[in-house]
**Q** 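Let me give you the structure first, and then I'll get to my questions.
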Amino acid sequence: YFIEKLRNIIYTNVIVAFSTGVLSAGFCHTLNIENWLWYGLLSFFSTFSVYNGQRLFKSSTKKTPWLSWVEKNQTIIFLGAIISFIMTAMIFLKIQKITLNLGLLLAVSSIISFFYVIRIRGKNMRELPFIKIHLISFTWVVVLILFPMLNEEIDTAVIDFSIAHYAYVLAVTIPFDIRDLKYDLPSQKTIPHFFGIFGAKAIGVILLLFFDGYMISILDDLMFNTLFHSAVVIQVVLVIFMNEKRSDAYCAGLIDGSIALLGLSYFLL
């Protein structure tokens with residue numbers, strides 16, 4: 001019982017929060033940002049807070065085995081979300097050098113995170129056709145890439161880094177859409193709905209290869225970074241072998257966990 005509870009708590013977005021934290025910290029370290037650790041912690045706590053808050057709202061809709069567990073453990077998930085939100089606010093106040101444009105960008109990202117699962121007139125943003133995966137990618141790029149660069153007034157290759165990581169997040173999110181095929185409405189028009197599972201995998205692989213090549217064109221040193229290429233190849237393999245029956249260990253463990261390898265590769269630059 002204890003092992004199962006611990007496993008479920010870990011699946012409650014600890015892995016994805018850790019991986020985004022490492023990715024953000026590594027990216028900031030590459031840009032020689034002095035506060036790279038704080039940006040990593042900000043990404044960790046904000047991801048943990050938002051994802052757990054979303055789980056509480058999703059738990060009352062579709063009853064997957066995972067969401068049934070969430071429904072039975074709402075108190076601990078709620079406390080985790082609140083504590084993480086407080087930590088996010090404290091770190092943000094410590095490092096922010098806010099400008100109007102950056103404030104608007106963060107506001108849009110926050111609105112998307114809030115209404116991603118909260119329904120207005122019977123619908124939430126994730127159920128709108130074609131945009132579910134793009135909402136995730138946009139929010140991640142804002143938090144992990146744009147916010148550190150703009151907050152530190154780094155204007156070199158901002159668009160290039162954003163495009164590259166947008167493609168990466170799209171690619172690693174596609175397997176989750178494949179997993180959710182049996183739960184998502186056909187009207188959502190997710191990539192697997194529209195292109196089929198094989199087509200979705202092909203798009204994911206192409207995006208990962210595009211990310212690899214694009215990043216090399218921005219940072220020459222990545223050409224000889226074995227861990228960077230290994231992190232991309234591992235994600236390619238995970239995308240190829242994804243199917244609708246894959247477990248949480250495969251998705252929340254391997255796919256989310258492998259994102260941390262990309263962040264670690266940045267520390268080697």
Side-chain angles (χ1 to χ4, degrees), residues 16 19-28 30-31 43 47 105 108-109 112-113 116 126 129-150 154-180 188-223 225-242 251 254-266 269:
V16 68
S19 293
T20 56
V22 173
L23 178 56
S24 179
F27 178 73
C28 292
T30 296
L31 298 179
S43 297
T47 301
L105 192 63
V108 171
S109 180
I112 290 174
S113 299
Y116 183 74
R126 74 189 300 273
F130 300 109
I131 69 168
K132 173 187 172 184
I133 197 171
H134 295 286
L135 295 175
I136 297 171
S137 300
F138 173 80
T139 304
W140 274 35
V141 167
V142 168
V143 174
L144 304 183
I145 308 301
L146 283 177
F147 174 64
M149 295 190 75
L150 297 179
I154 299 173
D155 55 9
T156 303
V158 174
I159 300 299
D160 291 325
F161 281 125
S162 298
I163 291 174
H165 287 86
Y166 193 95
Y168 177 80
V169 178
L170 275 178
V172 300
T173 307
I174 284 175
F176 293 87
D177 277 351
I178 294 175
R179 180 198 63 183
D180 292 342
Q188 289 178 248
K189 302 293 184 184
T190 63
I191 290 178
H193 274 135
F194 202 75
F195 294 99
I197 292 178
F198 179 82
K201 291 181 181 181
I203 292 172
V205 170
I206 291 171
L207 288 171
L208 286 167
L209 296 178
F210 168 80
F211 167 75
D212 189 287
Y214 203 160
M215 286 298 293
I216 290 173
S217 72
I218 306 171
L219 298 172
D220 294 341
D221 289 347
L222 283 176
M223 174 72 74
N225 190 321
T226 303
L227 185 57
F228 172 78
H229 298 296
S230 297
V232 175
V233 170
I234 288 172
Q235 289 291 9
V236 167
V237 172
L238 291 172
V239 169
I240 290 174
F241 286 96
M242 181 63 192
C251 297
L254 293 177
I255 295 175
D256 281 344
S258 296
I259 295 172
L261 292 178
L262 180 62
L264 290 174
S265 75
Y266 289 155
L269 289 177

**Q** Which pairs pass salt bridge (Lys or Arg N to Asp or Glu O under 4.0 Å) with one or both residues in residues 134-143, sequence neighbours excluded?
**A** none

**Q** Let me confirm one number: the SG-CG distance from Cys251 to Asp180, rounded to the nearest 0.5 Å.
**A** 8.0 Å

**Q** Does a side-chain heavy-atom distance below 4.5 Å link Phe176 with Ile255?
**A** yes

**Q** Locate the shortest heavy-atom distance separating Ile218 from Ala157; write the atom from each residue and the value.
**A** CG2-CB, 4.1 Å

**Q** Taking side chain as C-beta onward, heavy atoms only, is Leu207 less than 4.5 Å from Gln235?
**A** no

**Q** Side chain of Asp256, backbone of Ser19: donor and acceptor closer than 3.5 Å?
**A** no

**Q** Can you measure from NZ (Lys132) to NZ (Lys189) and round to the nearest 0.5 angstrom?
**A** 14.5 Å

**Q** Applying side-chain contact (heavy atoms from CB on, under 4.5 Å), name anything that partners Val142, two or more places apart in sequence or on another chain.
**A** Leu105, Leu106, Ser109, Phe138, Leu146

**Q** Can you see which heavy atom on Cys28 is nearest to which on Pro148, and at what distance?
**A** SG-CB, 3.5 Å

**Q** Before we go on, tell me: are the rings of Phe211 and Phe228 under 6.0 Å apart, centre to centre?
**A** yes

**Q** Quick one: closest heavy-atom pair of Leu269 and Leu219, and the distance?
**A** CD1-CD1, 3.8 Å

**Q** Taking salt bridge (charged side-chain N to carboxylate O under 4.0 Å, His left out) as the definition, give me every residue that meets it alongside Asp212, ordered by chain and number, with sequence neighbours left out.
**A** none

**Q** Taking only residues two or more places apart in sequence or in another chain, which ones pass side-chain hydrogen bond (donor to acceptor under 3.5 Å, both in side chains) with Asp160?
**A** Tyr214

**Q** Going by the rule side-chain contact (heavy atoms from CB on, under 4.5 Å), which residues pair with Ile234 if we only count those two or more places apart in sequence or in a different chain?
**A** Leu238, Ser258, Leu261

**Q** About how many Å separate CE of Met242 and CD1 of Ile178, when rounded to the nearest 0.5 Å?
**A** 6.0 Å

**Q** Any side-chain heavy atom of Thr190 within less than 4.5 Å of one from Ile133?
**A** no

**Q** What pair of heavy atoms forms the shortest contact from Thr30 to Tyr266, and how long is it?
**A** OG1-O, 3.0 Å

**Q** Determine whether Leu144 and Phe27 satisfy the following criterion, side-chain contact (heavy atoms from CB on, under 4.5 Å), listing intermediate values before the conclusion.
**A** CA-CA 8 Å; Leu144 304 183; Phe27 178 73; over 6 Å; no

**Q** Looking at every non-hydrogen atom in both residues, tell me the closest pair between Ile240 and Lys201 and how far apart they are.
**A** O-NZ, 2.9 Å

**Q** So do Met215 and Leu262 actually touch side chain to side chain, heavy atoms under 4.5 Å?
**A** no

**Q** Distance check, rounded to the nearest 0.5 Å: Leu208 atom CG versus Leu170 atom CG?
**A** 10.0 Å

**Q** Report the distance from atom CH2 of Trp140 to atom CG of Leu23, rounding to the nearest 0.5 Å.
**A** 8.0 Å

**Q** Going by side-chain contact (heavy atoms from CB on, under 4.5 Å), name the residues that satisfy it together with Leu209, two or more places apart in sequence or in a different chain.
**A** Val205

**Q** Look up atom CD1 in Ile159 and atom CD1 in Ile145, then write down how far apart they are to the nearest 0.5 Å.
**A** 12.5 Å

**Q** Write down the atom of Thr156, the atom of Met149, and the distance for their closest heavy-atom approach.
**A** O-CE, 3.3 Å

**Q** Go through Ile112 and His134 one step at a time and tell me if the side-chain contact (heavy atoms from CB on, under 4.5 Å) criterion holds.
**A** CA-CA 11 Å; Ile112 290 174; His134 295 286; over 6 Å; no

